[in-house]
Every structure is written in C-alpha cells, then in structure tokens.
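Have a look at the structure below, then the notes.
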Amino acid sequence: MIKAIPIFKSWVPEWLIRLSIMLLLLSSVLLFALSTADGSAAAGYYGMEPADVQFSLLLFYAAVASFAGVERRFFERIVTKEYLLICIVLEILIAYCCYHTREIWLVFTFRFLQGLVNCGITSICLNLLFGRLKSEHAREVGYTIFYAMILCVSPVTALFAAPLVENFEYNVLYKAIIFCFLPSAALLFVILNRVHIFRKKPLYQLDWASFLLFVVMLILIAYVLIYGQQKDWLEDSGIVYSIVAILLLFLCSVLRQRSLKRPTVDLGVFKYRNFSIGIVFLVILYLIRGAFGLTTTYFITVLGMDSLHANELMIYNILGIITGSFIAIRFLILQKMLRVLWIAGFALLMVFFGMMCFLFATEADAETFIIPLFLQGLGAGMVMSPIVMFIVSAVPVQMGQSAASIGVFVRFSTFSLSLSLINYCQLYFKGGHSNDMGKGLSLLDLGLAERLHIYQSTLSGHGMLKDQAAKVATGLLNKAVQKQAFLQFCIDYYEMIAILCLITIVLIALQPVISRTMINVKGKHPAPAGF
C-alpha cells in the first residue's frame, strides 16, 4: 500500500469517508436481490415463469462467485479511482439496458454481466472499508456489520422495491438503482486520491481457464436445480447432459488446480479441520435461511397482504438481525463461549420454525408474527458472522483467497439447493394434500354443500347472476383447498427445518473444538463474493 499519498483527500472527515463507502456498498447489496424483490411482478412484466426469475438471480450470483478469483488481479493492476469509475459506468450502462429490454434471454445476459461488475464494486467497498478499521477489534466489527447487511438484503430490497412496483412498471426498479449508485459513487470518486490500494502487479498470466470452467459449472448447477423439477429430472436429456457436464467440469477444475504451480484455489485448505467443520455449518445455515422465504410467501398468498405491508413486517426481522449481530460482536471480542453462541443462535431459529408451525392459519393478525420474526433475525444474526469468521480463522493468511472461493462455491450451491428443495417439496407435499382434501370433499359431506351455498349467496348478494355465481363459487372452493394445501406444506417443511436445527445443535455440542478456537481475522479481508 502506498504511504506517500493517502487513499482519501486530507480534508475529508472520517465519518464522510465511511458513509460514502457504506452507501455504495448498500447500493451494491440492493442490486443482488433486485430480480426477486417481487417475483410475481417480474414474471408478469417479462412473461417469465417463476423458475426463470429464480434463475436470473442465480446467474447474478454465479457471476459474482466465479469472477472473485480473477477480479483481485484487476484491482491490483488498475488505480483504485479509475477502477471505481470503470465499474460504476459499466454498472449504470447495464442497468439502463435492463430498463429498456423485455427479452428473457437479454435479461439473463444482463443479470450475469451485472454480477461480474458488481463483484468489482463490492471488492472496492470492502477493501476501502476494512482499510479504515484500525482498532484492536475493528475487523470483527467490520465482518459482523457486513454479514448483517447480507442477512438483511432480501427484506431491505423488497422494501425498496414494493412502493415502486405498486405505482410503476417493474423495469423502473433498474432506473431507481441507477439513482442509488450515482450519488454514492460520485461522492466516493471525488474524495479518493489517485493511488493503488495494493502493490501494483502486471496484468498477465490470468487464469482464464479456471474462471471459465468454474462459471460454466455454476451456471449448469443453477440450471439443473432450478429447472430439474419442471423437466422431470432425469427424464429430460438436457438435465442429464448438464449433470454429466457438471461432473466433468468439476473433475477438470480439481485436476487443473492440482497441476498449477500457483493455483487459483488451493485445495490444501481442506487439510485444516476447522475449515471443514465451518463449511458444514455454513451449508446447514444456508439451508435453514433459505426456508425463511416461505414466511413472506405465506403473508402474501394466504393472508392476502400486499407486498409493501408484508415486507414492513420484516422490519422486526431486521431489528432482530441487528440485535443478534451486536451479541455476536460481544462474544467474539471476549474470545470465549463460541459454542454457546452457536447453540443459542440455532436454538432461536428452531423456536421460530416451531412457533410458525402453530401460527400458520388462513386468518391471523399481523402482530402475531412480530416476536417470531424478531427471534428468527436474532438467531441468524448470532450465527452468521461467527461461522464465517470461524472459517476465515481456520486457514493461514496466504490461503484466505482460496478459502473464500471455496466458501462462495458452497454458499452458491447451497442457496441453489435450498430453492430446489422448496420447489420440490412444495410440489410433492402440496399435491399430496390437495388430493387428500379433494377425496375427502368428494367422498364425505364435510359441509361442502353449505360452503358452496355461502359462496353463491354472497356473490348473488353483490349482484352476480345465479348461474355465474355457481361457477365462481366452485372456483373459490378450489382456491380455499389450494390455500389449505399450501399451509400444510409450510407446516411440513418447517417441521423438517426445525428438526435440522435440533440436529445442528447436537452436532455443535459434540464439537468442543469450536469453543477452543481463537477467532483471528487480523490482516484478512472478506471476499467480495460474500453474498
């Protein structure tokens, strides 16, 4: 790092430096979940299937995850101020293209390109932010703040998007994100000096082959997990070929990294026991975290809340994340009882899923869910950053980039797997419950005639003709059956996740090495692909 010239202009106060970095980082975080901020609105605007909306999100994620290893070389070669300008101009241009297109294949392409550029912006923000943290425990605080932002990304993006989607067409979100980037990026650009944060290195011998192998593998993983259910898995030749290609690409990637003198990903990180332990709990955490999205779907689909009010409830979840993150910081600074912290966090998550199994109903007051949502955020905040820092502390500094690359591959794969599991279980459980309830209605008279009569009378009372009211009443009954089937699926799935939380608590209790591990993140930076 160059000492002669400071990174920021001398007249800029420290609070303004940190504010500008955090604002740009927040804009970068918002862009991540923008395509799924309102999935139904996105599907309606572009003429997509729900699976296409999920795939567009995973394309962004795959780009960020795969480019992380190569991106550092660009950062080291280009002056930070110029690198920031290049990334911001590209990001704004791509967002502008997204605003003007409705072609699905172009949406996929632009979302992938957004992920590549977003990786650079996030890398700049994180390295600048961690460069400002000088106190003894500042890095623990920095990690916790950053990963708390990651936990908040979905509800914050939904709150940002809801009023815009309700009043304008969906593509206005991309225009809004441009106006989020512009002021924060302009401010940061003005206060930066023209310096290199890292020692300047020539831009040659880039491992493009590893990048291409990795990115194609991630895209195919996303394709299989998102579209596999829709295409009947192994009944579709495209899915079979994709699975074979994933296995071959994975084998080629491993062999390539072993053959290189300076591998992009050093597989030696798996020699460290704590690294492997941390990865296992990271997988479990992302599976548990992925199930949380069903709660928002329940608010909108069953309780009939609009998107804005459903996501306003998530403010309590955000407050829980902030509180849990503060508790995590205190435990990490004290350097003790890490196992107790993890057990408490997963116990709170188990309590949330257990409570929701009893709270799922066709009618409920919004206030009923305040405490469960807060507890979920509290538990997630208590375990997210400690698990990441446990993994970071498990390997030497020189292996930090390799650990980050493997970590982001695990996060991407688990996130994709979580979406696939929910899609599969929803089809399996919901279909089974619908059939059971349909048989019950047809074989036994469980008030069916009375329910249909109530629907018909209500519709007729609002001026609808009797013949038409009879048809609509049948549709309303079918909708009620589908709601009940969805509710039963939510209960079944949350019961499984609660059991997973319980198993996780037992596993943590059987690992005393967790409490004996000293968290040491000094000199280590979070990966730009931390999402």
Margin query: Could you tell me if the side chain of Val254 sits less than 4.5 Å from the side chain of Arg258, heavy atoms only?
Written below: yes

Next item on the list: For Ser66 and Val215, work out which heavy atoms get closest and say how close.
Entry: OG-CG2, 3.3 Å

Notebook entry, point to check: So, does Thr122 use its side chain to make a donor-acceptor pair with the main chain of Asn118 at under 3.5 Å?
Noted result: yes

Notebook entry, point to check: Between Ser393 (side chain) and Met389 (backbone), is there a donor-acceptor pair under 3.5 Å?
Noted result: yes

Margin query: Apply side chain to side chain donor-acceptor pair (under 3.5 Å) to residues Ser325 and Thr144 and explain how you reach the verdict.
Written below: CA-CA 6 Å; Ser325 299; Thr144 305; over 6 Å; no

Check: Got a second to check how far Thr323's OG1 is from Ile318's CD1, nearest 0.5 Å?
Finding: 11.5 Å

Notebook entry, point to check: If you measure from CG on Leu225 to CG on Leu58, what distance do you get to the nearest 0.5 Å?
Noted result: 8.5 Å

Next item on the list: Please examine the side chains of Leu31 and Arg111, heavy atoms only from C-beta on, and report whether any two atoms are closer than 4.5 Å.
Entry: yes

Next item on the list: Please check if the side chain of Ser385 supplies one atom and the backbone of Tyr147 the other of a donor-acceptor pair under 3.5 Å.
Entry: no

Checklist line | Donor-acceptor contact present, side-chain Ser413 to main-chain Val410, <3.5 Å | finding: no

Check: Would the Phe390 and Phe275 ring centres measure less than 6.0 Å apart?
Finding: no

Check: So, for Met350 and Ala498, which heavy atoms are closest and what is the spacing to 0.1 Å?
Finding: CG-O, 3.6 Å

Next item on the list: Side-chain contact test, heavy atoms from C-beta onward, threshold under 4.5 Å: evaluate it for Arg411 versus Leu282 and give yes or no.
Entry: yes

Notebook entry, point to check: Does the pair Leu34 and Phe160 meet the rule for a side chain to side chain contact (heavy atoms under 4.5 Å, CB included), with working shown?
Noted result: CA-CA 9 Å; Leu34 200 65; Phe160 166 79; 4.1 Å; yes

Checklist line | Ile406 vs Phe270, side chain to side chain contact (heavy atoms under 4.5 Å, CB included): CA-CA, chis, key distance, verdict | finding: CA-CA 10 Å; Ile406 293 172; Phe270 286 104; 3.6 Å; yes

Next item on the list: For residues Gly115 and Val64, report the shortest heavy-atom separation together with the two atoms involved.
Entry: O-CG2, 3.3 Å

Check: So, do Phe60 and Phe112 have ring centers that fall under 6.0 Å from each other?
Finding: no

Checklist line | Pairwise side-chain contact, Cys501 with Ile288, heavy-atom cut-off 4.5 Å (strictly under) | finding: yes

Item checked: Atom of Ala65, atom of Leu218 and distance for their closest heavy-atom approach -> CB-CD1, 3.8 Å

Next item on the list: For the pair Phe415 and Tyr286, evaluate ring pair (Phe, Tyr, Trp, His ring centres under 6.0 Å) and give the outcome as yes or no after the intermediate values.
Entry: CA-CA 6 Å; Phe415 181 70; Tyr286 266 67; 7.1 Å; no

Next item on the list: State whether the side chain of Ser418 and the backbone N or O of Thr414 hold a donor-acceptor pair below 3.5 Å, judged by distance alone.
Entry: no

Note to self: Whether the side chain of Gln257 engages the backbone of Val265 through a donor-acceptor N/O pair (distance < 3.5 Å, no angle test) should be reported.
What the structure shows: yes

Notebook entry, point to check: Taking it one step at a time, do Tyr61 and Phe32 satisfy ring pair (Phe, Tyr, Trp, His ring centres under 6.0 Å)?
Noted result: CA-CA 8 Å; Tyr61 202 162; Phe32 174 76; 5.4 Å; yes

Check: So how far is it from Asn317 CG to Gln376 CD, rounded to the nearest 0.5 Å?
Finding: 5.0 Å

Next item on the list: Show the numbers, then the answer: is there a side chain to side chain contact (heavy atoms under 4.5 Å, CB included) between Leu164 and Tyr170?
Entry: CA-CA 8 Å; Leu164 294 173; Tyr170 181 82; over 6 Å; no

Notebook entry, point to check: Donor-acceptor pair, Asn127 side chain versus Ser123 backbone, under 3.5 Å?
Noted result: yes

Notebook entry, point to check: What are the two closest heavy atoms between Ile121 and Cys87, and how far apart are they?
Noted result: CG1-CB, 3.6 Å

Next item on the list: List the steps and the verdict of side chain to side chain contact (heavy atoms under 4.5 Å, CB included) for Met314 and Phe292.
Entry: CA-CA 11 Å; Met314 292 299 157; Phe292 182 55; 3.7 Å; yes

Check: Can you tell me if Arg102 uses its side chain to pair, donor with acceptor, with the backbone of Tyr45 under 3.5 Å?
Finding: yes

Check: To the nearest 0.5 Å, how far apart are CD in Gln54 and OG in Ser420?
Finding: 9.0 Å

Next item on the list: Give a yes or no on whether Trp105 atom CH2 has more than 12 heavy-atom contacts from other residues, nucleotides or ligands under 6.0 Å away.
Entry: no

Item checked: ring pair (Phe, Tyr, Trp, His ring centres under 6.0 Å) assessment of Tyr298 paired with Phe486 -> CA-CA 8 Å; Tyr298 162 73; Phe486 177 76; 7.4 Å; no

Next item on the list: Before giving the answer on side chain to side chain donor-acceptor pair (under 3.5 Å), spell out for Asn423 and Gln229 the whole-Å C-alpha distance, their side-chain angles and the decisive distance to 0.1 Å.
Entry: CA-CA 7 Å; Asn423 292 339; Gln229 180 67 42; over 6 Å; no

Margin query: For the CZ atom of Phe346 and the CG atom of Leu507, what is their distance to the nearest 0.5 Å?
Written below: 9.5 Å

Next item on the list: Taking the six-membered ring for Trp and the single ring otherwise, decide whether the centroids of Tyr316 and Phe374 are under 6.0 Å apart.
Entry: no

Check: Can you tell me if Ser184 uses its side chain to pair, donor with acceptor, with the backbone of Phe181 under 3.5 Å?
Finding: yes

Check: How about Tyr174 and Tyr96: are their ring centroids closer than 6.0 Å?
Finding: no

Check: Is the shortest heavy-atom distance from the side chain of Phe211 to the side chain of Trp208 under 4.5 Å?
Finding: yes

Notebook entry, point to check: Just by distance, do the side chain of Ser28 and the backbone of Leu24 share a donor-acceptor pair under 3.5 Å?
Noted result: no

Notebook entry, point to check: Under a 4.5 Å cut-off applied to non-hydrogen side-chain atoms, are Val156 and Val29 in contact?
Noted result: no

Item checked: Heavy-atom closest pair, residues Val383 and Gly345 -> CG1-CA, 3.6 Å

Next item on the list: Report yes if the side chains of Leu128 and Leu188 come closer than 4.5 Å at any heavy-atom pair, otherwise no.
Entry: yes

Notebook entry, point to check: Yes or no on side chain to side chain donor-acceptor pair (under 3.5 Å) for Ser242 and Tyr227, after CA distance, side-chain angles and deciding distance?
Noted result: CA-CA 11 Å; Ser242 296; Tyr227 293 105; over 6 Å; no

Notebook entry, point to check: Asn171 and Tyr46: side chain to side chain donor-acceptor pair (under 3.5 Å), yes or no, with the steps?
Noted result: CA-CA 9 Å; Asn171 64 332; Tyr46 293 111; over 6 Å; no

Next item on the list: Give, for atom CG of Leu159 and atom CG of Leu30, the distance between the pair rounded to the nearest 0.5 Å.
Entry: 10.5 Å

Notebook entry, point to check: Are any non-hydrogen side-chain atoms of Phe55 and Glu49 less than 4.5 angstrom apart?
Noted result: no

